[in-house]
Amino acid sequence: MKDYQDYQDIVVQKSNGVGEVIINRPEVKNAMSRNTALEMMSAFKELDEDSEVRVIVLSHTGEYFCAGGDLQGYKDKPHIIYREYTHTVGDLWKMVTTLSKPLVASISGHVLGGGVGMIAACDMVIVSEDVNIRCAEINIGMWPMVVMPVLFRSVGRKKGLEMMMLGENVPAEEAKEIGLVNFVCKKDELRDATNQITEKLITKSPLALKLGRQVYHNIEDMEYNKAIEYTAEMITLLCCSHDGQEGVKAFFEKRQPAYVGY
């Protein structure tokens, strides 16, 4: 696995079955450049392929989780340069859906613009109670275009449109109410809260998590009858797997299952 020192914009750590990707550009409020997005994709891929990793955590340094796109790096640049950047961010959203392991965001800093898209793309999001979330692009004559597809899947079209039109702060508790955030905790309890979630996920069947996550993303735009047929096939596949059989046996034998991931 690549050492975190090989990265410029992120830090990668691994411990006790958890791989952590830390956005580390506090001097620019962790704004996302094209390089940041490329490094995140590389790190996610490596952790996803690492047999010792069961859960991936996304976190950050500094007072901001992510202040959105790093527009300073693209100011007065040719159209093609900015196009490469926006498409790379879009590639990051798409790549996240292909991961086979749970992706959990652990956040104690404010979330703006593209950062909102990033947390919307995660499977679970844990934030400290003082975090504010905002699609701020409208306030500078812009619009969070690339964020729209992923945000609408989390909070719905009307609420997402409201966030984008008004550009106002959404406090942590409200973000939980609208479905963008799963858990809210005190700032000094964030690490413990994150560990509680990852420790629970590590006990689950890797295969069930992989297939369940895959189906979750695949049925989003699937026609209803096809979705029913597809999910019936997938549960059959899971039931006939080692982990599926082991889980049922362990239930009846009143013991902890020994999952292997296939």
Side-chain angles (χ1 to χ4, degrees), residues 9-10 21 23 25 28-41 43-44 56 58-60 62-75 77 79 81-99 103-107 109-127 131-172 174-182 213 216-217 220-221:
D9 296 350
I10 64 173
V21 177
I23 306 175
R25 305 184 76 210
V28 292
K29 299 179 180 179
N30 287 330
M32 187 180 296
S33 68
R34 182 168 185 262
N35 184 68
T36 312
L38 288 170
E39 289 191 352
M40 290 174 69
M41 283 191 282
F44 286 153
I56 302 172
L58 176 63
S59 64
H60 64 96
E63 297 181 1
Y64 283 76
F65 166 70
C66 178
D70 187 2
L71 298 181
Q72 189 62 40
Y74 301 92
K75 184 179 179 183
K77 296 291 178 61
H79 172 268
I81 298 298
Y82 192 74
R83 187 174 185 274
E84 287 180 350
Y85 164 63
T86 56
H87 278 265
T88 299
V89 173
D91 288 342
L92 174 59
W93 301 162
K94 291 186 288 185
M95 184 266 180
V96 163
T97 68
T98 69
L99 296 175
L103 177 59
V104 179
S106 178
I107 300 170
H110 302 308
V111 186
L112 304 179
V116 179
M118 189 66 244
I119 66 170
C122 292
D123 300 324
M124 291 192 206
V125 182
I126 309 165
V127 303
V131 164
N132 283 309
I133 300 170
R134 179 161 48 118
C135 292
E137 288 86 344
I138 192 67
N139 298 325
I140 57 170
M142 299 288 284
W143 189 269
M145 300 289 187
V146 186
V147 171
M148 293 173 74
V150 65
L151 180 61
F152 287 174
R153 289 187 175 202
S154 291
V155 306
R157 292 170 58 84
K158 283 290 187 181
K159 189 62 185 182
L161 190 60
E162 174 193 320
M163 292 174 64
M164 294 173 182
M165 283 185 164
L166 297 181
E168 297 178 345
N169 283 331
V170 177
E174 182 181 348
K176 180 181 177 183
E177 291 174 6
I178 64 175
L180 184 57
V181 163
N182 298 91
R213 195 179 191 280
Y216 168 79
H217 288 291
E220 178 70 24
D221 300 313

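Because the structure is a prediction, the values reported are computed rather than measured.
- Arg25 contributes a side-chain N or O that, together with a main-chain N or O of Ala31, makes up a donor-acceptor pair within less than 3.5 Å.
- With a 6.0 Å radius and a threshold of 12 heavy atoms from other residues, nucleotides or ligands, Glu84 has its CD atom above the threshold.
- Using a 4.5 Å cut-off on side-chain heavy atoms (C-beta onward), Leu180 and Met163 make contact.
- A side-chain donor-acceptor contact under 3.5 Å links Asn139 to the backbone of Gly167.
- Separation of atoms CG (Leu112) and SG (Cys66) is listed at 8.0 Å; rounding is to 0.5 Å.
- When all heavy atoms are compared, the tightest approach of Met148 to Trp143 is SD-NE1, 3.2 Å.
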- Message: Using side-chain contact (heavy atoms from CB on, under 4.5 Å), reason through Leu58 and Ile23 one step at a time and then give a plain yes or no.
- Response: CA-CA 8 Å; Leu58 176 63; Ile23 306 175; 4.1 Å; yes
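- Using a 4.0 Å cut-off between charged nitrogen and carboxylate oxygen, Asp221 and Arg153 count as a salt-bridge pair.
- Using modelled atom types, one side-chain atom of Arg213 and one backbone atom of Leu99 make a donor-acceptor pair closer than 3.5 Å.
- Put simply, the side chain of Trp93 gets close to the backbone of Val146: a donor and an acceptor are under 3.5 Å apart.
- Smallest separation of non-hydrogen atoms from Val96 and Ala121: CG1-O, 3.3 Å.
- Note: His110 NE2 to Glu63 CD = 7.0 Å, rounded to the nearest 0.5 Å.
- Annotation: the span from Glu220 atom CD to Phe152 atom CZ amounts to 12.5 Å, rounded to 0.5 Å.
- The closest side-chain heavy-atom distance from Ile119 to Ile133 is below 4.5 Å.
- Pairing each heavy atom of Val21 with each of Ala43, the nearest pair is CG2-CB, 3.9 Å.
- In this structure, the side chains of Pro144 and Leu151 stay at 4.5 Å or more apart for every pair of heavy atoms.
- At least one side-chain heavy atom of Phe44 sits under 4.5 Å from a side-chain heavy atom of Leu103.
- Considering CZ of Phe65 and CG of Asn132, their distance stands at 15.0 Å, rounded to 0.5 Å.
- Scanning all heavy atoms of the two residues, the minimum distance from Cys122 to Val125 falls at CB-CG2, 4.3 Å.
- Within the 4.5 Å cutoff, the side chain of Met145 has no heavy atoms near those of the Thr86 side chain.
- Distance alone, capped at 3.5 Å, places no donor-acceptor pair between the His60 side chain and the Asn30 backbone.
- Counting only heavy atoms from C-beta outward, the side chains of Met32 and Thr36 approach each other to under 4.5 Å.
- Residues Asp91 and Leu38 have side chains not in contact (no heavy-atom distance under 4.5 Å, counting atoms from C-beta outward).
- Within the 4.5 Å cutoff, side-chain heavy atoms of Met118 are placed close to those of Leu92.
- Salt bridge present: Lys159 and Glu174 bring a charged side-chain N and a carboxylate O closer than 4.0 Å.
- Checked against salt bridge (charged side-chain N to carboxylate O under 4.0 Å, His left out), Arg134 has no partners two or more places apart in sequence or in another chain.
- To the nearest 0.5 Å, the span separating CG on Asp9 from CD on Glu39 amounts to 4.5 Å.
- Shown here for Val181 and Val127, the closest heavy-atom pair between the two residues is CG1-CG2, 3.8 Å.
- The NE2 atom of His217 sits 14.0 Å away from the NZ atom of Lys94 when rounded to the nearest 0.5 Å.
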